Amino acid sequence: MTSWDFAADHPELSEPEAERLIRAHGHDPDEVRQDLGERFTLTAELFAWLGY
């Protein structure tokens with residue numbers, strides 16, 4: 001399964017899931033929240049921000 005397959009199957013993450021994924025990539029969730037705003041938990045948006 002690719003990251004895009006995962007995003008298609010799970011279009012939105014919970015806040016704790018999104019934060020865990022962001023921290024696992026070495027980033028601060030608050031930084032991502034500032035950049036993405038309401039799109040913070042949208043899987044495809046988050047993956048794009050992380051560089052997938």
Side-chain angles (χ1 to χ4, degrees):
M1 174 181 285
T2 68
S3 57
W4 296 112
D5 292 333
F6 181 85
D9 290 345
H10 307 279
E12 190 163 1
L13 302 171
S14 68
E15 292 229 3
E17 290 171 327
E19 288 177 357
R20 186 180 70 223
L21 181 63
I22 292 163
R23 284 189 182 103
H25 284 82
H27 297 283
D28 179 0
D30 290 334
E31 175 187 354
V32 181
R33 269 192 194 93
Q34 287 178 342
D35 287 347
L36 294 181
E38 294 178 9
R39 301 178 324 237
F40 176 75
T41 58
L42 298 179
T43 308
E45 294 285 333
L46 184 54
F47 284 176
W49 191 95
L50 290 170
Y52 284 95

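Counting from 1, the numbers follow the sequence of the chain as shown. Keep in mind that what you see is a predicted model, and the values were worked out from it rather than measured.
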Would you please name every residue forming a side-chain contact (heavy atoms from CB on, under 4.5 Å) with D5, sequence neighbours left out?
-> M1, T2
Closest non-hydrogen atom pair between E12 and T43, with its separation = N-OG1, 3.5 Å
Please answer: with hydrophobic residues joined when any side-chain heavy atoms are less than 4.5 Å apart, are F6 and L50 in the same cluster?
-> yes
Rounded to the nearest 0.5 Å, the CD atom of E19 sits from the CG atom of D30 at a distance of 7.5 Å
Salt bridge (charged side-chain N to carboxylate O under 4.0 Å, His left out) partners for E15, two or more places apart = R33
Y52: what forms a ring pair (Phe, Tyr, Trp, His ring centres under 6.0 Å) with it, not counting sequence neighbours?
-> H25, F47
W49 vs R39 side-chain heavy atoms within contact, under 4.5 Å = no
Minimum heavy-atom distance between A7 and A44, given as atom pair plus value = CB-N, 4.1 Å
In terms of hydrophobic clusters joined by side-chain contacts under 4.5 Å, are L36 and L21 together?
-> yes
Nearest atoms (heavy-atom pairs only) where I22 meets D28 | CG2-C, 3.9 Å
Looking only at non-hydrogen atoms, find the nearest pair between P29 and F40 and report the distance.
-> O-CE1, 3.7 Å
